[in-house]
2 protein chains.
Amino acid sequence: MPTIRDVAKRASVGIATVSRVLNNSTSVSKETRQAVLAAIEELDFTPNPIARQLSTGRTLTVGVILPFLTMPSYVERLRGVQHALAETEYHMVLFSVGSPSERDAYFKDLPRNNLVDGILIISLPPNDAQAERLALAEIPTVLIDAYHSRLSCILTDDVKGGMLATQHLIDLGHRKIGFLSDLLETPFHPSARFRYQGYRKALEDSGIPFDPAYHISGERGRENAAKMARHLLALDNPPTAIFAGNDIQAIGVLDAAKEAGVKVPDELSVIGFDGVRDSEYTHLTTIDQHLFQSGVRGVQMLIETLESNSPSPQHQRLPLDLIRRVTTQVFQE
Amino acid sequence: MPTIRDVAKRASVGIATVSRVLNNSTSVSKETRQAVLAAIEELDFTPNPIARQLSTGRTLTVGVILPFLTMPSYVERLRGVQHALAETEYHMVLFSVGSPSERDAYFKDLPRNNLVDGILIISLPPNDAQAERLALAEIPTVLIDAYHSRLSCILTDDVKGGMLATQHLIDLGHRKIGFLSDLLETPFHPSARFRYQGYRKALEDSGIPFDPAYHISGERGRENAAKMARHLLALDNPPTAIFAGNDIQAIGVLDAAKEAGVKVPDELSVIGFDGVRDSEYTHLTTIDQHLFQSGVRGVQMLIETLESNSPSPQHQRLPLDLIRRVTTQVFQE
DNA sequence: GCTAGGATTGGAACCGGTTCCAGATAATGA
DNA sequence: TCATTATCTGGAACCGGTTCCAATCCTAGC
């Protein structure tokens, strides 16, 4: 592998000059530049990025920490990150988190070793101590789908989203509204809890009493959601509408309804949350939280911070949009 | 940020000794080691991986090139890669390919710049020239779900898989068997074509004449598959079984069948291909090609090559298993 | 004709590790 | 006791870039 010194020798110039040509920095005469470019061509020289990283202190790499592709919504956010990063000169290193201890290890180590220039954390809220460390680190961090006052964030207002979804059902005339979701207490992202809060708030605002029988939560996944939905549908006085904590669960609800012979949306309205692709296929009414866009925005915010190194954390809130498809309908007696 | 020299000074030893402690290489006396470890602790020192990379020539990074997460099957393979890589000391850098030109750029550049120690290519078969370059490069490459004689590969026998699926339907007594898939000619991975060949071969082996009306291909995706399935089901003499090129398309077929009031499996048997998670949910009979495992094996082969630098390409074939679920059934008049 | 100042250029130091090699010390054997 | 060897240890070179700084050349201005 030829080095910059080989090129310098071949072009009969100094190594500094070759470097200048490579970075087309300060003035190099046209003839010299030509000579250097010719030598580079002849030797088939490519600068070694590692050496460059060492001397510049920049790695041109962004580290992405996420709960690894366990849910379509993470994949969709990651897709947004990838898309936005492709427009820049930065590479993407993936750090997958499978357990709280793994998460903590990355939170601790990644900001210290100079492996990446910036960190994107997807759907993994740090605790106060971790956030403090991240905030003090030289490497900027942006949280996507997680909040901490000390760090820059791309946020989704899950409470508001929960209200939006519930309000939609209320507006359609429903009064017996079920809520079905992941476990509310989780070591990872507590979005289900916030959405539940939104659900409760919307009911309260409309003066609809909350019925604990209409609230059920359990392990994630379509099958489990179907199981929970069967339970709701088997109640003596079953709900006429179900708000599922995410789209995958909503699809599980659709499964259960079909199986039970309950017609959607005639006899049961179903609304999801996320706006993943599967919701399109299934024509599910849902709350679109712009997952792809969250990845894009996260990258934008990180790159901005990297280039301006403004230290004050920024918080950006993504819009939420009700996408009305065919699974919700006006309540009919 | 403290450096190895700071540690050396603090522990009153030479930098070489610190390095020895860090790499617990050749003999260092117990007392010296203790002193160095204490200094490291006190200074909160972490070795800079970039500097290490420059001097050792190893980056401890594997580059993964893949058509970016456009299909569940790629995600599943990637998951396997991630899982296996997590057991090693290697990191993973993701290079996403959205177009043939992007693919060609990565094939060309990645082996040259010393950014990664090894390359995994998922579902992107290189042409001869590219394969030659990759084979000659100092950086080892392993193809997952793609074949080239000059390179190590983790393979799936799509032709055999196509035969397996078709044979299953034939064994059940079906004679009017449809085949529905992606476009057979694609700039990317031609798995659909191979599966189609397997379909044709199985028919031929059983002496069942091929009916061109039963073969349809088009853009990928569930919806498109449903559209194509509607077409097949609307034929004067519709097939009694459909083999879909992949699970997502098979799910599209199920959609179309339900919509048309055709009962699965009573009136129509459906078999998919891949064994993605969605196939579990939908209780789809399918050919499991062990996607996750393909990622794991790819990593294993790559790491092996990295550590033994054996230059001769290895080819490993993954098994194919028929998973019989509920969407296929004995043909009944 | 002489000098100030801008344009080019090259050498050397530097980034922060690893490792070769030689020197120092301790232990072993005769 | 002395030579020999094994064990430890540190300095310096090296990986391959970038960049500071000083040197050189050239041209314009007086």
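Quick caveat: nothing in here was measured; it's all calculated off a predicted structure. So you know, we letter chains A, B, ... as the sequences are listed, proteins then strands, and number each from 1.
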Figure out the CG/P separation between A/N114 and C/dG17, and round it to whole Å. 9 Å

Just checking B/H91 against A/F95, ring centres under 6.0 Å apart? yes

Picking from D/dG17, D/dC21, D/dT18, the nucleotide nearest the side-chain atoms of A/P47 would be D/dG17

Interatomic distance where CZ belongs to A/R58 and C1' belongs to D/dT19 [whole Å]: 15 Å

When you measure from the side chain of A/H315 to the backbone of A/L151, do you find a donor-acceptor pair of N or O atoms at a distance under 3.5 Å? yes

Expressed in angstrom and rounded to an integer, what is the separation of A/R52 atom CZ from C/dG16 atom C1'? 19 Å

Is it the case that over 12 heavy atoms from other parts of the model lie below 6.0 angstrom from the CD atom of A/E138? no

B/I50 CD1 to C/dT18 P, in whole Å, measures 13 Å

Output the residues of residues 28-44 of chain B in contact with DNA chain C, where contact means a heavy atom of the residue under 4.0 Å from an atom of the strand; sort by number or write none. none

Identify all pairs in which a protein N or O lies below 3.5 Å from an N or O of nucleotides 12-15 of chain D, and state each distance.
none

Quick one: A/R20 CZ to D/dC21 P, roughly how many Å, whole number? 13 Å

A/F292 side chain near A/S294 side chain, heavy-atom distance below 4.5 Å: no

What distance separates A/I144 CD1 from A/L318 CG, expressed to the nearest 0.5 Å? 9.0 Å

Starting at CD of A/E76, measure out to CD1 of A/I122 and round the result to the nearest 0.5 Å. 11.0 Å

Sub-4.5 Å side-chain heavy-atom contact between A/M1 and A/N48: no

Atom CD of A/Q53 and atom P of D/dT18 are separated, to the nearest Å, by 12 Å

When A/V81 is tested against each of A/V299, A/V296, A/L302 for side chain to side chain contact (heavy atoms under 4.5 Å, CB included), which residue passes? A/V299

With a 4.0 Å cutoff (strictly under), does any side-chain N or O of A/T17 reach OP1 or OP2 of C/dG10? yes

If I take atom NZ in residue B/K9 and atom P in nucleotide D/dG10, what distance separates them, rounded to the nearest angstrom? 14 Å

Short side-chain to backbone donor-acceptor contact, A/R150 and A/L136, under 3.5 Å: no

